> 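Structure in structure tokens, see below.
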Amino acid sequence: METREKKAVYLGVMDWGGAETTKQNAVDFRYRFLINGLEECFRVGVENDYALQNALKVGYPYWITVQDGMVTAVQELAEDVEEVYQPPVCGVRGVRTVKNFLQTALEPVGTTLYVFGGGWNWQDNGTAPQAKTLGVSPDWVRFFRNQDANYTYKDRNGQEENRDPKNSYYPFGDFNQYYYAGLDCSGYVGWAVYNALETESGRPGYVGGANGMAKRFSEMGLGTCTKDEPLNQAMQPGDIVSMDGHVWISLGVCADGSGVILHSTPSMSRLGQPGGGVQIGAVAESEQCEAYRLADRYMAKYFPAWYERYPAALKSPALYFALKLEESGRFSWNEQTLADPEGIREMRPEEALKALFGEKKRTL
């Protein structure tokens with residue numbers, strides 16, 4: 001048996017985006033590596049539920065072990081990287097309060113792009129390593145810094161005729177080659193819940209289907225899930241809302257009925273490209289509302305690199321405040337899971353945001 005150990009840069013799955021490169025054929029995939037300036041292709045072992053695939057990231061250097069044409073071990077090599085990202089707001093692991101949950105959920109805001117399937121594992125059936133790790137993943141920060149306002153999560157200009165699977169970050173073929181690079185809506189909420197409830201990395205994750213996420217957290221005994229009241233009157237800061245095809249975190253409802261939320265969502269860049277990601281957003285009929293003013297102000301002030309690429313995102317109340325599916329609903333934490341000594345849940349969004357960002361209240 002021939003065994004080789006080589007320094008290599010991982011280049012991705014062979015024929016990525018091709019019609020035959022699908023999850024159903026994953027056991028037969030071949031993987032591209034750059035070794036001493038030359039590209040070589042190998043199979044990669046699928047033991048332990050594709051553990052090696054969940055360690056491989058396109059463009060990253062590794063020390064790989066190859067036995068008879070199959071990669072049997074990989075070790076990521078440290079690189080000289082830019083200064084570690086320091087979020088403007090950080091939670092404290094192990095502090096189980098609504099305020100700390102929301103401060104934790106703010107950590108990836110403005111530095112984590114929308115990747116469909118981001119936060120799910122490579123095989124797209126559970127939580128990615130990044131979404132069950134404490135803290136903002138350096139992979140998300142690196143990917144954000146390597147992109148610009150031309151980034152698109154799927155189709156250039158949002159038009160299907162421009163689809164280019166071989167050069168796309170979208171998971172064509174139902175497996176996630178770029179699972180590590182950013183977060184989708186359920187990946188983001190799953191990461192936020194993990195980082196609020198867990199104190200060490202690598203435990204079972206919380207990522208699952210967006211439609212039923214609120215109901216699932218209720219079934220886990222973390223709180224309650226309801227849907228029998230007008231959402232734009234009932235939702236409070238810290239609530240998690242599952243709707244048709246999306247899940248998001250509430251920052252409350254303003255006096256004018258507009259809502260402020262945290263979510264990972266596709267949104268148009270200032271160059272008109274569908275990118276977006278984890279951000280503070282508004283739910284209202286128009287930009288002439290308090291929620292949009294707050295979302296715009298906080299994204300501009302605290303996340304300027306993001307704001308240069310993306311304006312504040314406005315979403316429709318007809319979509320976001322409608323809980324049409326049987327499994328959708330509004331999840332609220334119980335006191336045993338997350339206490340609320342600061343009274344965050346009773347605050348309007350403006351007051352809650354000031355508390356979360358540590359801004360002083362105005363005095364007369």
Side-chain angles (χ1 to χ4, degrees), residues 1-17 21 26-27 29-87 107-108 111-113 115 117-124 126-148 151 166-169 171 175-183 187 191 194-195 200-203 205:
M1 178 180 293
E2 180 189 13
T3 300
R4 294 189 294 161
E5 292 186 344
K6 296 285 186 180
K7 182 179 180 180
V9 175
Y10 177 56
L11 301 179
V13 172
M14 181 182 289
D15 198 25
W16 159 250
T21 309
V27 293
F29 284 179
R30 293 177 64 82
Y31 301 78
R32 301 161 50 228
F33 293 87
L34 187 66
I35 300 174
N36 295 326
L38 298 175
E39 183 176 315
E40 297 189 44
C41 295
F42 309 105
R43 293 176 63 197
V44 173
V46 299
E47 290 78 11
N48 299 317
D49 197 17
Y50 295 92
L52 295 181
Q53 285 81 353
N54 280 287
L56 289 172
K57 298 171 286 192
V58 177
Y60 284 62
Y62 294 87
W63 191 259
I64 65 173
T65 300
V66 183
Q67 294 181 343
D68 290 340
M70 177 178 287
V71 175
T72 58
V74 302
Q75 180 181 350
E76 185 177 339
L77 299 176
E79 293 184 280
D80 292 331
V81 296
E82 299 179 49
E83 182 179 348
V84 175
Y85 176 69
Q86 181 62 42
E107 291 180 21
T111 192
T112 303
L113 289 168
V115 175
W120 291 72
N121 56 17
W122 183 91
Q123 60 272 42
D124 201 29
T127 306
Q130 289 75 13
K132 50 184 178 181
T133 299
L134 300 182
V136 174
S137 171
D139 298 326
W140 305 337
V141 177
R142 171 175 170 164
F143 190 71
F144 176 75
R145 288 173 174 169
N146 286 342
Q147 307 298 323
D148 58 23
Y151 168 74
K166 291 184 181 296
N167 297 292
S168 173
Y169 299 109
F175 69 96
N176 289 327
Q177 178 155 282
Y178 295 95
Y179 67 92
Y180 60 89
L183 290 170
W191 175 91
Y194 187 97
N195 273 258
E200 60 183 81
S201 300
R203 295 178 58 80

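All values reported here derive from a predicted model rather than from experimental measurement.
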> Taking 4.0 angstrom as the limit, do K166 and D15 come out as a salt bridge?
yes
> Are the side chains of V74 and W63 in touch, meaning some heavy atoms are under 4.5 Å apart?
no
> Kindly compute the distance separating NZ (K57) from OG (S137), expressed to the nearest 0.5 Å.
6.5 Å
> As an exercise, state the distance from OG1 of T72 to CD of E5, rounded to the nearest 0.5 Å.
8.5 Å
> Is there a side-chain contact between T65 and V71 in this structure, where contact means two heavy atoms from C-beta onward sitting under 4.5 Å apart?
no
> Would Y151 and F144 count as a side chain to side chain contact (heavy atoms under 4.5 Å, CB included) here? Give the steps.
CA-CA 9 Å; Y151 168 74; F144 176 75; over 6 Å; no
> Looking only at heavy atoms, which two atoms of N176 and N121 are closest? And how far apart?
ND2-O, 3.4 Å
> For F42 and I64, run side chain to side chain contact (heavy atoms under 4.5 Å, CB included): C-alpha distance rounded to whole Å, both residues' side-chain angles, the deciding distance at 0.1 Å, then the answer.
CA-CA 11 Å; F42 309 105; I64 65 173; 4.2 Å; yes
> Can you list the steps and then say if W120 with T127 is a side chain to side chain contact (heavy atoms under 4.5 Å, CB included)?
CA-CA 5 Å; W120 291 72; T127 306; over 6 Å; no
> Are any non-hydrogen side-chain atoms of Y85 and W140 less than 4.5 angstrom apart?
no
> Side chain to side chain contact (heavy atoms under 4.5 Å, CB included) between Q53 and V13: does it pass, once the steps are laid out?
CA-CA 10 Å; Q53 285 81 353; V13 172; over 6 Å; no
> Let me confirm one number: the CD-OG1 distance from Q177 to T21, rounded to the nearest 0.5 Å.
9.5 Å
> Tell me whether the centres of the aromatic rings in Y62 and F33 are closer together than 6.0 Å.
no
> Does CZ belonging to R43 count more than 12 external heavy atoms closer than 6.0 Å?
no
> Tell me if a side-chain donor or acceptor on W191 pairs with a main-chain N or O of L134 at a distance below 3.5 Å.
no
> Identify whether the distance between the nearest side-chain nitrogen and carboxylate oxygen of K6 and E40 falls below 4.0 Å.
no
> Under 3.5 Å, is there a donor on one side chain and an acceptor on the other for Y179 and D124?
no
> Hey, does L11 have a side-chain heavy atom less than 4.5 Å from the side chain of V58?
no
> Which atoms form the tightest heavy-atom contact between A26 and Y31, and what is the distance?
O-OH, 4.1 Å
> Are any of the side-chain heavy atoms of V27 and Y50 separated by less than 4.5 Å?
yes
> Please give me the minimum heavy-atom distance between G119 and A131, naming the atom from each residue.
O-CB, 3.6 Å
> Taking all non-hydrogen atoms of both residues, which atom of L52 and which atom of G45 are closest, and how far apart?
CD1-O, 4.0 Å
> Indicate the atoms forming the closest heavy-atom contact of C41 with M14, along with that distance.
SG-CE, 2.9 Å
> Can we call the ring centroids of W16 and Y169 under 6.0 Å apart?
no
> Between Q67 and R4, is there a side-chain heavy-atom distance shorter than 4.5 Å?
no
> Can you confirm whether or not the ring centre of F143 sits under 6.0 Å from the ring centre of Y180?
no
> Between N54 and Q123, is there a side-chain donor-acceptor contact under 3.5 Å, judged purely by atom types and distance?
yes
> Side chains of Y60 and D139, heavy atoms from C-beta outward: is any pair under 4.5 Å?
yes
> Could you tell me if the side chain of V44 sits less than 4.5 Å from the side chain of M70, heavy atoms only?
no
